[in-house]
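Written out below as structure tokens is the structure these notes cover.
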Amino acid sequence: MKSFALLLLVLSCGMGGLGQKLKPKKRSSGEEINFRTKTKDVCTMSMSGDEEMKLRIECRSQGMSYWCEFAGKPSVCRAFRNNPKIYWNQIAAELRKLPHACESTQVLKTTMCQKAPAEALMKQIAAGVEPEDLANQDKSVQKTSTSMRGAGRSSVNKIGKPPILPLIKPAQHGQGSENEMEAMKLAQEHCWEPLHGVCSYIIGIFRG
């Protein structure tokens, strides 16, 4: 009886230890990992979620910033449940080898979960690029618009100048009122309306 009781005690202790060993560790949701890519882009990856997790990567490069997001269920991988921190560190290590953290990375893989089901893989779901110097771009657009408005005013000024009167040869005497009518007609064709009388007078002098 003593031997049987001792055997039961050993078995119960063993099962208890096994159950404790298989208990999932605390998730790494909310943590951040900083890293640099092969081309020295400064990046941060952050994790969120529980059963289905989301990974967001944000990087700053020369004159621009870019980002991408991944989603998956790494919790179906037993190795991930045992130590999620190592899992994310392996992903960061793979991203460090790339010149661009979001290009050519449609699926993130790790050695510790390479035999896990496909749903365990973190797959890219979104990505984007944002120029950092938007203020200078706005100034450039405003400068171009101002230049175009200046060119438009210049064109108006050129068009608004009164036309140069053509040289009219003096006409022969004796035409009387016909010369005056002809002078007024020419004034209407070649002079501003407020100056029709003056132009007609000048033209009349030339025509005699």
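The ring-ring contact (aromatic ring centres under 6.0 Å, His included) search around Phe35 returns none, not counting sequence neighbours. With sequence neighbours left out, Phe70 forms a ring-ring contact (aromatic ring centres under 6.0 Å, His included) with no residue at all. Scanning for side-chain contact (heavy atoms from CB on, under 4.5 Å) contacts around Thr111 gives Gln90, with sequence neighbours left out. With sequence neighbours excluded, no residue forms a salt bridge (Lys or Arg N to Asp or Glu O under 4.0 Å) with Arg36.
Applying the salt bridge (charged side-chain N to carboxylate O under 4.0 Å, His left out) test to every pair with at least one member in residues 97-126, sequence neighbours left out, gives these pairs: Glu94-Lys97.
Contact of the Pro74 side chain with the Met53 side chain is registered, since non-hydrogen atoms from C-beta on lie closer than 4.5 Å.
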Discussion item. Please determine whether side-chain contact (heavy atoms from CB on, under 4.5 Å) holds for the pair Leu108 and Leu95, giving the CA-CA distance in whole Å, both sets of side-chain angles, and the decisive distance to 0.1 Å.
Written reply: CA-CA 9 Å; Leu108 298 175; Leu95 293 172; 4.0 Å; yes

If you apply the rule salt bridge (Lys or Arg N to Asp or Glu O under 4.0 Å), what do you find for Glu52 with Lys73, and how did you get there? CA-CA 5 Å; Glu52 183 172 359; Lys73 295 182 178 180; 5.1 Å; no

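Disulfide status for Cys59 with Cys43: present, SG atoms under 2.5 Å apart.
Following chains of ILVMFWY side-chain contacts shorter than 4.5 Å, one can reach Leu98 starting from Leu55, so the two form part of one hydrophobic cluster. By the criterion of side-chain heavy atoms lying less than 4.5 angstrom apart, applied directly or through intervening Ile, Leu, Val, Met, Phe, Trp or Tyr residues, Trp88 is grouped together with Met112 in one hydrophobic cluster.
Other residues sharing the hydrophobic cluster of Val76, ordered by chain and number and joined by side-chain separations under 4.5 Å: none, the residue standing alone.
Of the inter-residue distances, the one linking Ile33 atom CD1 with Asn89 atom CG reads 4.5 Å to the nearest 0.5 angstrom. Remark: Lys40 NZ to Ser61 OG distance equals 13.0 Å, nearest 0.5 Å. Annotation: the span from Glu130 atom CD to Met64 atom CE amounts to 10.0 Å, rounded to 0.5 Å. His100 contributes atom NE2, which lies 8.0 Å from atom OG1 of Thr39 (distance to the nearest 0.5 angstrom). Between atom CD1 of residue Ile86 and atom CD1 of residue Ile91 there is a gap of 13.0 Å, rounded to the nearest 0.5 Å.
Scanning both residues, Glu32 and Ser46, for their nearest heavy atoms gives CG-CB, 3.8 Å. Across all their heavy atoms, Thr105 and Gln124 have their closest contact at O-NE2, 3.2 Å. The two residues Arg81 and Ser75 have their closest heavy-atom pair at NH1-O, 2.9 Å. Here the shortest heavy-atom pairing between Ala79 and Cys113 reads CB-SG, 4.4 Å. For the residue pair Ile57 and Ala101, the shortest heavy atom distance occurs at CG2-CB, 4.1 Å.
Using cut-offs of 30° and 60° for the angle between ring planes, the Phe80 and Tyr87 rings count as perpendicular.
In terms of modelled atom types and a separation under 3.5 Å, the side chain of Thr44 and the main chain of Glu58 share no donor-acceptor contact.
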